[in-house]
Amino acid sequence: MYTIITDSCCDLNPKVAGRYENLEIVPLSYTMSGETYANPLYDTETVKPYYNRLRAGEMSTTSQIPPAMWQEVFLAHVKKGEQILCMTFSSALSGTYSSACVAREMVLEEAPDAVIEVIDTLSASAGQGMMVCDALDNRNAGMSVQENAEWLRARVQNYVHWFTVDDLHFLKRGGRCSPSAAFFGSMLSIKPVLHVDSEGRLIARAKVRGRRQALKALAQKVGELDAAKDQTIFISHGDCEEDAEFVKQTLVEMYGCDSEKIVLSVVGPVIGSHSGPGTVALFFRGRDRG
(Lines give C-alpha, C1' and ligand atoms only; values in the text may rest on other atoms or scores of the structure.)
Protein backbone atom coordinates (compact mmCIF):
# COMPACT_ATOMS: atom_id res chain seq x y z
CA MET A 1 0.00 0.00 0.00
CA TYR A 2 1.41 3.39 -1.03
CA THR A 3 1.10 6.59 0.98
CA ILE A 4 -1.16 9.44 -0.10
CA ILE A 5 0.06 12.86 0.97
CA THR A 6 -1.83 16.13 0.75
CA ASP A 7 -1.71 19.56 2.36
CA SER A 8 -3.98 21.05 4.98
CA CYS A 9 -5.87 23.19 2.47
CA CYS A 10 -7.92 20.02 1.83
CA ASP A 11 -10.02 21.03 4.88
CA LEU A 12 -11.09 17.45 5.50
CA ASN A 13 -13.32 16.73 8.46
CA PRO A 14 -10.87 15.16 10.98
CA LYS A 15 -13.25 12.25 11.54
CA VAL A 16 -13.29 11.50 7.81
CA ALA A 17 -9.49 11.71 7.56
CA GLY A 18 -9.20 9.40 10.57
CA ARG A 19 -10.94 6.60 8.70
CA TYR A 20 -7.97 6.13 6.39
CA GLU A 21 -4.54 4.63 6.90
CA ASN A 22 -1.38 5.75 5.10
CA LEU A 23 -2.63 9.33 4.72
CA GLU A 24 -0.37 12.23 5.66
CA ILE A 25 -1.52 15.84 5.74
CA VAL A 26 1.25 18.43 5.60
CA PRO A 27 0.28 21.75 7.20
CA LEU A 28 0.57 25.14 5.58
CA SER A 29 1.04 28.01 8.01
CA TYR A 30 -0.58 31.34 8.85
CA THR A 31 0.59 34.36 10.83
CA MET A 32 -1.44 36.57 13.17
CA SER A 33 -0.09 39.38 15.35
CA GLY A 34 3.48 38.33 14.65
CA GLU A 35 2.96 34.68 15.65
CA THR A 36 3.12 31.89 13.06
CA TYR A 37 0.96 28.80 13.45
CA ALA A 38 0.69 25.49 11.64
CA ASN A 39 -2.68 24.84 10.00
CA PRO A 40 -3.73 21.26 10.85
CA LEU A 41 -7.25 19.94 10.27
CA TYR A 42 -9.84 21.71 12.40
CA ASP A 43 -13.35 20.91 13.53
CA THR A 44 -16.21 23.27 14.34
CA GLU A 45 -15.11 23.98 17.89
CA THR A 46 -11.34 24.21 17.45
CA VAL A 47 -11.60 26.71 14.59
CA LYS A 48 -13.80 29.19 16.50
CA PRO A 49 -10.95 31.08 18.25
CA TYR A 50 -9.33 31.78 14.87
CA TYR A 51 -12.47 33.22 13.33
CA ASN A 52 -13.23 35.23 16.46
CA ARG A 53 -9.83 36.87 16.07
CA LEU A 54 -10.66 37.75 12.46
CA ARG A 55 -13.99 39.19 13.54
CA ALA A 56 -12.16 41.28 16.15
CA GLY A 57 -10.09 42.85 13.38
CA GLU A 58 -6.84 40.87 13.43
CA MET A 59 -5.12 40.24 10.12
CA SER A 60 -4.03 36.78 9.00
CA THR A 61 -1.40 36.11 6.34
CA THR A 62 -0.44 32.73 4.90
CA SER A 63 2.61 30.83 3.67
CA GLN A 64 2.95 27.98 1.19
CA ILE A 65 4.82 24.75 1.92
CA PRO A 66 8.46 25.26 0.83
CA PRO A 67 10.35 22.64 -1.22
CA ALA A 68 12.55 21.69 1.74
CA MET A 69 9.52 20.65 3.79
CA TRP A 70 8.11 18.55 0.96
CA GLN A 71 11.55 17.02 0.44
CA GLU A 72 11.75 16.00 4.09
CA VAL A 73 8.28 14.45 3.96
CA PHE A 74 8.93 12.57 0.72
CA LEU A 75 12.32 11.25 1.86
CA ALA A 76 10.86 9.89 5.10
CA HIS A 77 8.52 7.66 3.09
CA VAL A 78 10.98 6.78 0.34
CA LYS A 79 13.50 5.57 2.92
CA LYS A 80 10.84 3.17 4.18
CA GLY A 81 10.44 1.81 0.67
CA GLU A 82 7.05 3.44 0.14
CA GLN A 83 5.64 4.86 -3.09
CA ILE A 84 3.96 8.27 -2.89
CA LEU A 85 0.92 9.95 -4.39
CA CYS A 86 0.98 13.65 -3.47
CA MET A 87 -2.06 15.88 -4.07
CA THR A 88 -1.73 19.63 -3.60
CA PHE A 89 -3.79 22.80 -3.32
CA SER A 90 -4.54 24.47 -6.68
CA SER A 91 -1.45 25.83 -8.44
CA ALA A 92 -3.47 28.92 -9.43
CA LEU A 93 -3.93 29.86 -5.77
CA SER A 94 -0.63 28.81 -4.18
CA GLY A 95 2.98 27.87 -4.97
CA THR A 96 2.59 24.66 -2.97
CA TYR A 97 2.25 22.48 -6.08
CA SER A 98 5.37 23.99 -7.63
CA SER A 99 7.26 23.40 -4.37
CA ALA A 100 6.20 19.76 -4.34
CA CYS A 101 7.41 19.29 -7.92
CA VAL A 102 10.79 20.82 -7.05
CA ALA A 103 11.04 18.56 -4.00
CA ARG A 104 10.21 15.50 -6.11
CA GLU A 105 13.14 16.22 -8.42
CA MET A 106 15.43 16.74 -5.43
CA VAL A 107 14.43 13.39 -3.96
CA LEU A 108 14.84 11.60 -7.30
CA GLU A 109 18.41 12.87 -7.52
CA GLU A 110 19.10 11.12 -4.25
CA ALA A 111 16.87 8.09 -4.85
CA PRO A 112 16.39 7.59 -8.63
CA ASP A 113 14.14 4.55 -8.18
CA ALA A 114 11.63 6.36 -5.98
CA VAL A 115 8.03 6.51 -7.21
CA ILE A 116 6.48 9.90 -6.51
CA GLU A 117 3.41 11.16 -8.37
CA VAL A 118 2.46 14.81 -7.77
CA ILE A 119 -1.08 15.90 -8.67
CA ASP A 120 -2.23 19.50 -9.06
CA THR A 121 -5.83 19.14 -7.88
CA LEU A 122 -6.78 22.57 -9.27
CA SER A 123 -9.02 22.48 -6.22
CA ALA A 124 -9.39 24.10 -2.83
CA SER A 125 -10.80 23.36 0.62
CA ALA A 126 -13.10 20.33 0.78
CA GLY A 127 -13.10 20.13 -3.03
CA GLN A 128 -9.48 19.09 -2.69
CA GLY A 129 -10.52 16.91 0.24
CA MET A 130 -13.16 15.16 -1.87
CA MET A 131 -10.55 14.37 -4.50
CA VAL A 132 -8.20 13.01 -1.82
CA CYS A 133 -10.95 10.75 -0.47
CA ASP A 134 -11.56 9.39 -3.97
CA ALA A 135 -7.84 8.70 -4.34
CA LEU A 136 -7.81 6.88 -1.00
CA ASP A 137 -10.82 4.79 -1.99
CA ASN A 138 -9.19 3.98 -5.34
CA ARG A 139 -6.03 2.88 -3.58
CA ASN A 140 -7.95 0.73 -1.13
CA ALA A 141 -9.77 -0.86 -4.08
CA GLY A 142 -6.45 -1.92 -5.57
CA MET A 143 -5.38 0.83 -7.98
CA SER A 144 -1.63 1.25 -8.36
CA VAL A 145 -0.12 4.67 -7.71
CA GLN A 146 0.29 5.28 -11.44
CA GLU A 147 -3.26 4.15 -12.24
CA ASN A 148 -4.62 6.35 -9.49
CA ALA A 149 -2.68 9.39 -10.71
CA GLU A 150 -3.95 8.84 -14.26
CA TRP A 151 -7.53 8.43 -13.00
CA LEU A 152 -7.35 11.66 -11.00
CA ARG A 153 -5.82 13.74 -13.80
CA ALA A 154 -8.52 12.54 -16.19
CA ARG A 155 -11.31 13.63 -13.81
CA VAL A 156 -9.99 16.79 -12.20
CA GLN A 157 -12.51 18.94 -14.11
CA ASN A 158 -15.43 17.01 -12.62
CA TYR A 159 -14.79 18.30 -9.07
CA VAL A 160 -17.19 21.23 -8.79
CA HIS A 161 -16.64 24.13 -6.33
CA TRP A 162 -19.25 26.82 -5.61
CA PHE A 163 -19.27 29.15 -2.63
CA THR A 164 -20.42 32.41 -1.16
CA VAL A 165 -18.96 34.75 1.45
CA ASP A 166 -20.60 36.90 4.07
CA ASP A 167 -18.13 39.80 4.05
CA LEU A 168 -16.69 41.08 0.78
CA HIS A 169 -13.86 42.91 2.54
CA PHE A 170 -11.79 39.73 2.90
CA LEU A 171 -11.99 39.17 -0.86
CA LYS A 172 -11.17 42.83 -1.42
CA ARG A 173 -8.03 42.51 0.68
CA GLY A 174 -6.98 39.52 -1.43
CA GLY A 175 -7.62 41.42 -4.66
CA ARG A 176 -10.72 39.37 -5.57
CA CYS A 177 -13.05 42.36 -5.72
CA SER A 178 -12.62 46.14 -5.87
CA PRO A 179 -12.85 48.37 -2.78
CA SER A 180 -15.95 50.10 -4.20
CA ALA A 181 -17.67 46.76 -4.90
CA ALA A 182 -16.92 45.62 -1.36
CA PHE A 183 -18.29 48.85 0.13
CA PHE A 184 -21.51 48.99 -1.87
CA GLY A 185 -21.98 45.22 -1.69
CA SER A 186 -21.91 45.42 2.09
CA MET A 187 -24.29 48.39 2.10
CA LEU A 188 -26.79 46.67 -0.21
CA SER A 189 -26.42 43.17 1.26
CA ILE A 190 -25.09 41.88 -2.05
CA LYS A 191 -23.58 38.41 -1.72
CA PRO A 192 -21.28 37.08 -4.42
CA VAL A 193 -21.51 33.53 -5.74
CA LEU A 194 -18.09 32.31 -6.82
CA HIS A 195 -16.48 29.13 -8.08
CA VAL A 196 -13.10 27.58 -8.80
CA ASP A 197 -12.77 27.37 -12.57
CA SER A 198 -11.12 24.85 -14.89
CA GLU A 199 -7.70 26.40 -14.28
CA GLY A 200 -8.08 26.34 -10.50
CA ARG A 201 -8.70 30.08 -10.22
CA LEU A 202 -11.23 31.81 -7.96
CA ILE A 203 -13.85 33.48 -10.16
CA ALA A 204 -16.91 35.57 -9.23
CA ARG A 205 -19.91 34.34 -11.22
CA ALA A 206 -23.01 36.08 -9.83
CA LYS A 207 -24.31 38.61 -7.31
CA VAL A 208 -27.33 37.74 -5.20
CA ARG A 209 -29.36 39.97 -2.89
CA GLY A 210 -29.36 38.49 0.61
CA ARG A 211 -27.65 35.67 2.43
CA ARG A 212 -30.39 33.03 2.14
CA GLN A 213 -30.71 33.55 -1.61
CA ALA A 214 -26.96 33.11 -1.99
CA LEU A 215 -27.07 29.85 -0.03
CA LYS A 216 -29.98 28.59 -2.15
CA ALA A 217 -28.03 29.51 -5.28
CA LEU A 218 -25.26 27.16 -4.18
CA ALA A 219 -27.67 24.25 -3.77
CA GLN A 220 -29.23 24.90 -7.17
CA LYS A 221 -25.89 24.20 -8.86
CA VAL A 222 -26.39 20.49 -8.18
CA GLY A 223 -29.40 20.55 -10.50
CA GLU A 224 -27.91 22.91 -13.07
CA LEU A 225 -24.84 20.71 -13.56
CA ASP A 226 -26.74 17.40 -13.71
CA ALA A 227 -24.93 16.05 -10.65
CA ALA A 228 -25.78 12.57 -9.40
CA LYS A 229 -28.07 13.00 -6.40
CA ASP A 230 -26.82 9.86 -4.64
CA GLN A 231 -23.17 10.89 -4.54
CA THR A 232 -21.27 12.02 -1.45
CA ILE A 233 -21.39 15.82 -1.26
CA PHE A 234 -19.08 18.03 0.80
CA ILE A 235 -19.97 21.37 2.40
CA SER A 236 -17.39 23.49 4.23
CA HIS A 237 -18.00 26.62 6.27
CA GLY A 238 -16.12 29.46 7.92
CA ASP A 239 -17.54 29.14 11.45
CA CYS A 240 -21.18 29.29 10.32
CA GLU A 241 -22.42 25.75 10.78
CA GLU A 242 -26.10 26.73 10.75
CA ASP A 243 -25.74 28.12 7.23
CA ALA A 244 -23.97 24.95 6.09
CA GLU A 245 -26.81 22.94 7.59
CA PHE A 246 -29.28 25.12 5.67
CA VAL A 247 -27.56 24.25 2.38
CA LYS A 248 -27.56 20.58 3.37
CA GLN A 249 -31.28 20.60 4.15
CA THR A 250 -32.00 22.48 0.91
CA LEU A 251 -30.22 19.73 -1.04
CA VAL A 252 -32.25 17.08 0.74
CA GLU A 253 -35.56 18.86 0.13
CA MET A 254 -34.86 20.13 -3.39
CA TYR A 255 -33.15 17.10 -4.93
CA GLY A 256 -33.73 14.21 -2.54
CA CYS A 257 -30.01 13.97 -1.70
CA ASP A 258 -29.16 11.52 1.07
CA SER A 259 -28.38 13.53 4.21
CA GLU A 260 -26.09 10.72 5.39
CA LYS A 261 -23.93 11.34 2.32
CA ILE A 262 -23.51 15.07 2.89
CA VAL A 263 -20.28 15.71 4.81
CA LEU A 264 -19.70 18.99 6.67
CA SER A 265 -16.26 20.38 7.50
CA VAL A 266 -14.75 23.74 8.39
CA VAL A 267 -12.67 26.09 6.27
CA GLY A 268 -9.27 26.17 7.95
CA PRO A 269 -7.24 29.31 8.69
CA VAL A 270 -5.15 29.31 5.50
CA ILE A 271 -8.14 29.54 3.18
CA GLY A 272 -10.16 31.38 5.81
CA SER A 273 -7.58 34.17 5.77
CA HIS A 274 -8.77 35.03 2.27
CA SER A 275 -12.46 34.09 2.42
CA GLY A 276 -13.25 35.24 5.96
CA PRO A 277 -15.84 34.11 8.51
CA GLY A 278 -19.23 33.27 7.09
CA THR A 279 -17.94 31.45 4.01
CA VAL A 280 -20.07 28.52 2.82
CA ALA A 281 -18.78 26.25 0.04
CA LEU A 282 -20.42 23.35 -1.77
CA PHE A 283 -18.45 20.60 -3.51
CA PHE A 284 -19.71 17.74 -5.68
CA ARG A 285 -18.92 15.84 -8.88
CA GLY A 286 -20.57 17.14 -12.01
CA ARG A 287 -20.24 16.99 -15.78
CA ASP A 288 -17.81 19.94 -15.59
CA ARG A 289 -16.93 22.79 -13.25
CA GLY A 290 -19.67 25.02 -14.57
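Not measured: the values here are computed from a predicted model. Any value given below was found using the heavy atoms of this structure, including those in side chains, with hydrogens, waters and symmetry copies removed.
Closest of all the heavy-atom pairs between Ile271 and Ser125 is CD1-N, 3.3 Å. The two atoms that bring Ala124 and His161 nearest to each other are N-NE2, 3.3 Å, heavy atoms only.
Few gaps surround CD on Glu105; more than 12 heavy atoms of other groups in view lie less than 6.0 Å from it. Atom CD of Gln157 sits in a crowded spot, with more than 12 heavy atoms from other residues, nucleotides or ligands closer than 6.0 Å. Counting heavy atoms of neighbouring residues, nucleotides and ligands inside a 6.0 Å radius, atom CD of Glu21 does not exceed 12 of them.
We find that Lys261 and Asp230 are not joined by a salt bridge, their nearest charged nitrogen and carboxylate oxygen being 4.0 Å or further apart. Salt-bridge annotation for Arg211 and Asp243: present, with a side-chain N of the basic residue lying under 4.0 Å from a carboxylate O of the acidic one. The residues Asp134 and Arg285 are annotated as salt-bridged, a charged nitrogen and a carboxylate oxygen being separated by less than 4.0 angstrom. The pair Lys248-Glu241 does not count as a salt bridge, with every side-chain nitrogen at least 4.0 angstrom from each carboxylate oxygen.
A side-chain donor-acceptor contact under 3.5 Å links Arg289 to the backbone of Asp197. A donor-acceptor pair is defined here as one N or O able to donate and one able to accept, closer than 3.5 Å; such a pair exists between the side chain of Asp120 and the backbone of Ser91.
With no hydrogens or angles considered, no side-chain donor-acceptor pair links Ser265 and Ser236 at under 3.5 Å. Checked by atom type, the side-chain pair Arg155/Asn158 shows no donor-acceptor distance below 3.5 Å.
Test Phe283, Phe284, Trp162, Tyr159 against His195 for ring pair (Phe, Tyr, Trp, His ring centres under 6.0 Å) and you get one pass: Trp162.
The closest side-chain heavy-atom distance from Lys207 to Lys191 is not below 4.5 Å.
Two rings, from Tyr50 and Tyr30, have their centers less than 6.0 Å apart.
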Assess whether salt bridge (Lys or Arg N to Asp or Glu O under 4.0 Å) is satisfied between Lys15 and Asp43, documenting all intermediate values. CA-CA 9 Å; Lys15 291 182 180 178; Asp43 60 27; over 6 Å; no
